[in-house]
There are 2 protein chains.
Amino acid sequence: MANQNRIPIPTLTRFANLYRVLQEAEAEGVEHLNSAQLEALTSISASQIRKDLSMLGEMGRPGVGYKVNLLKKRIGSILRVDRGHPYALVGAGQLGRAIANYPGFEDYGFKLKAIFDSDREKVGQIVQGIPIESNEHMPASLLQKSIRIAVLTVPRNAAQDATDQLVAGGVRWILNFAPTHLKVPDNCIVRDVFLTPEFAILGHFTED
Amino acid sequence: MANQNRIPIPTLTRFANLYRVLQEAEAEGVEHLNSAQLEALTSISASQIRKDLSMLGEMGRPGVGYKVNLLKKRIGSILRVDRGHPYALVGAGQLGRAIANYPGFEDYGFKLKAIFDSDREKVGQIVQGIPIESNEHMPASLLQKSIRIAVLTVPRNAAQDATDQLVAGGVRWILNFAPTHLKVPDNCIVRDVFLTPEFAILGHFTED
DNA sequence: AGTTGTGAACGTTTTCACAGCC
DNA sequence: GGCTGTGAAAACGTTCACAACT
């Protein structure tokens with residue numbers, strides 16, 4: 001039965017993937033998809049999909065499947081894709097710019113509103129229509145723009161400092177690409193995206 | 001007791017993090033670290049660390065802790081950091097270049113050996129000392145260089161094509177940044193690194 | 001005393017299997 | 001007949017707690 005509160009992270013991750021597939025299906029004019037078809041498109045098992053979707057209440061029709069536009073809308077509302085979350089990018093290096101320029105995030109309701117970098121040379125440069133600001137105004141600028149979400153792509157040794165300033169500026173959700181653990185207050189959520197472990201895992205499975 | 005075969009992915013991820021910390025400790029001349037100290041450095045719980053390390057056989061000494069250089073060596077061999085895995089980058093866009101230029105991967109034994117892009121403009125450009133090759137020679141070039149590992153950073157609609165060519169070129173491990181599911185033969189391992197779900201999850205926790 | 005290694009308890013996530021609905 | 005929704009079972013991963021070792 002529907003228990004909309006407290007959806008596990010693995011389920012949310014799968015919702016994000018389903019959302020993309022549903023978007024594509026809708027664009028192609030597909031009206032219904034059943035759990036087996038969704039499995040083919042995502043390689044999430046059909047039973048897993050049904051279990052996940054059961055958290056949203058009864059979304060499917062036995063014998064028919066799930067209505068694409070309805071399901072997309074429902075998952076979208078869970079992921080809050082329609083809110084236009086403003087976010088800040090801290091660290092306008094290569095990875096940071098790649099993320100700023102990555103087109104996919106807007107589909108999920110995220111809107112880049114500020115970019116910070118400690119490098120004086122970069123300050124004032126325009127990326128994605130946003131001028132890079134100096135790190136120094138970070139807290140004030142964040143507060144003024146009501147930004148609560150940040151993506152952190154600074155070098156490891158600058159990460160904790162930048163984090164402290166983000167927190168001072170009212171940021172409560174951080175997507176962290178710096179390969180280090182961030183210390184934040186309890187009311188702040190950090191999602192770590194570490195690339196080296198991904199490589200390292202690949203290494204382990206390597207043979208010969 | 002030591003069951004070196006079949007180490008769970010979460011454990012491998014933690015090993016990769018421990019490896020970095022051990023590298024730093026070794027560089028600083030630290031000889032021993034106990035599980036509580038490792039917890040402080042990684043925020044992996046001490047009992048979790050002991051459990052993970054117990055998979056490697058008895059690596060620590062009660063009352064003393066773990067010998068840094070020994071443990072680093074052991075984890076390194078699990079992650080096969082000493083093999084100098086040659087890898088290819090497919091897609092020399094911003095994200096691809098950011099990854100190519102990221103210094104951390106070499107520490108884990110990965111060595112960039114080829115770059116491919118379908119854009120004629122880019123072919124011949126040098127990135128990290130490697131000339132960008134045209135997609136067309138991909139399979140032949142991969143085979144010639146004995147490359148078995150690839151990082152895929154092409155747009156979604158080019159991803160499956162590129163994957164097919166990688167597989168034709170003998171690649172068996174793919175780190176996939178393209179936000180789509182790749183179809184590969186059974187003997188090929190794909191690790192997906194999807195950035196949008198990370199954002200999407202953040203969105204769900206957003207309030208207001 | 002200090003710290004490991006590990007069985008046992010716990011909690012979470014996935015898979016199974018099928019009753020019930022379309 | 002086909003497919004969903006869901007309890008029940010299984011698998012998995014983490015934390016606890018303590019005997020054993022230095």
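Looking at B:Arg172, its side chain does come within 3.5 Å of a backbone N or O of B:Asn187 through a donor-acceptor pair. One N or O on the side chain of B:Ser77 and one on the backbone of B:Arg74 form a donor-acceptor pair closer than 3.5 Å. Side-chain N or O atoms of B:Thr42 include one that pairs as donor or acceptor with a backbone N or O of B:Leu38 at under 3.5 Å.
Across the interface with DNA chain C, nearest-nucleotide mapping of A:Ser45 and A:Arg61 shows A:Ser45 to be the residue nearer the 5′ end.
As a whole-Å value, the separation of A:Lys51 NZ from D:dA9 P is 12 Å. Whole-Å rounding puts the B:Arg50 CZ to C:dT4 P distance at 6 Å. The interatomic distance linking B:Ile44 (CD1) with D:dG13 (C1') rounds to 14 Å, in whole Å. One interatomic measurement links the two molecules: CD of B:Gln37 to P of C:dG2, which rounds to 13 Å at whole-angstrom precision. A:Leu53 has its CG atom 13 Å from the P atom of C:dT14, to the nearest Å. Here C:dT14 presents its P atom at 12 Å from CG of A:Leu12, a figure rounded to the nearest Å. Taking atom CE of residue A:Met59 and atom C1' of nucleotide C:dC21, one finds them 16 Å apart after rounding to whole Å. A:Arg6 places its CZ atom 10 Å from the C1' atom of C:dG11, with the value rounded to the nearest Å.
Comparing C:dC16, C:dT4, D:dT14 against the side chain of A:Ser47 picks out C:dC16 as the nearest. Nearest to the side-chain atoms of A:Pro62 among the listed nucleotides C:dT3, D:dT4, D:dG5 stands D:dT4.
Aromatic pair B:Tyr108/A:Phe199: ring centres not closer than 6.0 Å.
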Q: Take B:Lys73 and B:Glu26 through the salt bridge (Lys or Arg N to Asp or Glu O under 4.0 Å) test and state the conclusion after the steps.
A: CA-CA 11 Å; B:Lys73 206 166 180 177; B:Glu26 191 180 43; over 6 Å; no
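In this structure, A:Tyr66 does not reach the C:dC22 phosphate: none of its side-chain N or O atoms is under 4.0 Å from OP1 or OP2. The phosphate of D:dG13 (OP1 or OP2) has no side-chain N or O of B:Arg14 nearer than 4.0 angstrom. For the OP1/OP2 pair of D:dT4 and a distance below 4.0 Å, the side-chain nitrogens and oxygens of A:Ser35 include at least one atom meeting the criterion. Between B:Gln48 and D:dT15 there is a side-chain polar atom (N or O) within less than 4.0 angstrom of OP1 or OP2.
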